[in-house]
Amino acid sequence: MPERVFNFSPGPAVLPLPVLEQAQRDLVALPGVGMSVLEISHRSKAFDEILAEATQGLRDLLGVPDGYHVMFLQGGASLQFSMVAMNLLRGSGKTADYILTGTWGKKAIDEARREGETHVVWDGKATNYNRLPKPGELKFSPNAAYVYYTDNETIQGVEFKSPPEVGNAALVCDASSNFLSRPVPIGHHGLFYACAQKNAGPAGVTVVIARDDLIQKAPANLPPMLDYRQYAANDSRYNTPPTFGIYIVMLICRWLKNEIGGLAKMHELNQAKAALLYDVLDKQPKFYQGHAEPNCRSLMNVTFRLPNEELERAFLDGAKQHKLIDLKGHRSVGGIRASIYNAMPREGVETLRSYMLDFVKQRG
Ligand SMILES: *Cc1c(COP(=O)(O)O)cnc(C)c1O
């Protein structure tokens, strides 16, 4: 096998090696089936089993309560920006409340504005999205259609520790970049979604977990492919679902259950990995300037600047020589972003940490 590098890509991102190896072993013929997962009908018995295990795997890991559907869609997280508003806001006569903590939330509200009245509950733009709202700063609309937030802003590297308190409003969450990284109270949410390609699988499949009574309120005339009820009623098979992606999600769930030991354990491992890097920022605050305020630092995307762009370029060039790949920050924040999702081995983070310590010794 060709040598693997330490892949810090923000997404599509590193996948667990055991998952890749299992997919490779079974690629030509699934055991007992004699055909590849790429070749079988989405209505075959073999795929029934894959879909059922993927669904149950997510239900078990996340503790999804009764009354919620687990659905597999296409169109990425970006289609959810539209679908959430089409299903929950369009024609409701209500206002949708958005908490804007970074780039993805901003894109989501832009789509909701096409569908109805929106209200920015809070916007972190003034400080370039480096912090989260304090509870007293949130002023919701009376009788909001829903309150929307982005659990982890992938570009800025700010992450909620727990869902915002929103009273009785239906809470909608984009959890694309920290899905399955820790336990979450799904029951606090009306709708919870994530594209797979950061932490849960390949690009092309998006998981939506939604409360039945909420999606039943959608307008009657939605195109079926944009109507959550169709996915719920047809077990995500109104049309051909992203079969290979669902199969990989199934393998990821198996890995999380059997090899990691569940989401609480995954969370511990993620906390320990992130601490290795934030510790360097805290010890060398003049050289490595963290973007996020310490109380909302993401465990998934560690964002920081160096004193100047020349040093940042040298840092990225040198990193490659240690097999530390794709560390360049997003242009809106600049600097460095280390995406350390579930599948990033601790060894990769340790290698980055040593490199950071060496680099500041030589260039600081
Ligand atoms: C990557 C990302 C998206 C966009 O996902 P697509 O599948 O490319 O549409 C949206 N929200 C968050 C939080 C993300 O990390």
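Side-chain atoms are counted along with the backbone in the values below, which use heavy atoms only and exclude waters and symmetry mates. When a ligand or atom number is given, it counts from 1 through the structure's own listing order.
Looking only at protein heavy atoms, the nearest one to atom 5 (O) of ligand 1 is A77 CB, 3.4 Å. Atom 8 (O) of ligand 1 has its closest protein heavy atom at Q197 NE2, 3.6 Å. The shortest contact between atom 11 (N) of ligand 1 and any protein heavy atom is with D174 OD2, 2.7 Å. Remark: minimum distance from atom 14 (C) of ligand 1 to any protein heavy atom is reached at K198 NZ, 2.8 Å.
Considering backbone and side-chain N/O of S78, one or more are found under 3.5 Å from N/O of ligand 1.
By the neighbour-count criterion of 12 heavy atoms within 6.0 Å, atom CD of E350 is densely surrounded, having more than that number from other residues, nucleotides or ligands. By the neighbour-count criterion of 12 heavy atoms within 6.0 Å, atom NE2 of H188 is sparsely surrounded, having that number or fewer from other residues, nucleotides or ligands. No more than 12 heavy atoms of other residues, nucleotides or ligands shown are found within 6.0 angstrom of CG on D66.
Under 4.0 angstrom from ligand 1, the non-hydrogen atoms of N152 all belong to its backbone. No part of E153 comes within 4.0 Å of ligand 1, judged by heavy-atom distances. Contacts with ligand 1 closer than 4.0 Å are made by side-chain heavy atoms of C195 only, the backbone lying farther away. The proximity of K107 to ligand 1, defined as any non-hydrogen pair under 4.0 Å, does not occur for either the backbone or the side chain.
Close contacts between ligand 1 and F81 involve ligand atoms 10 (C) [criterion: under 4.0 Å to a heavy atom]. Of all atoms in ligand 1, numbered sequentially from 1 with element shown, those under 4.0 Å from a heavy atom of S176 are 11 (N), 12 (C), 13 (C), 14 (C), 15 (O). Every atom of ligand 1 is numbered from 1 in the order shown, and the set under 4.0 Å from a heavy atom of T154 is 12 (C), 13 (C), 14 (C), 15 (O).
Checked against the 6.0 Å centroid threshold, F47 and H42 do not count as a close aromatic pair. Taking the six-membered ring for Trp, Y231 and Y238 have ring centres at least 6.0 Å apart.
The closest approach between a heavy atom of D151 and any atom of ligand 1 is not below 4.0 Å. A heavy-atom separation below 4.0 Å is not found between Q80 and ligand 1.
In this structure, F192 and H189 have perpendicular ring planes: the angle between them is above 60°, well past the 30° mark. In this pair, Y193 and F81 present their aromatic rings perpendicular. The plane angle is above 60°, beyond the 30 to 60° band.
Look at K125 and D123 and you find no salt bridge, because none of the NZ, NE, NH1 or NH2 atoms lies under 4.0 Å from a carboxylate O.
Side-chain contact annotation: Y98 with Y146, donor-acceptor N/O pair under 3.5 Å present.
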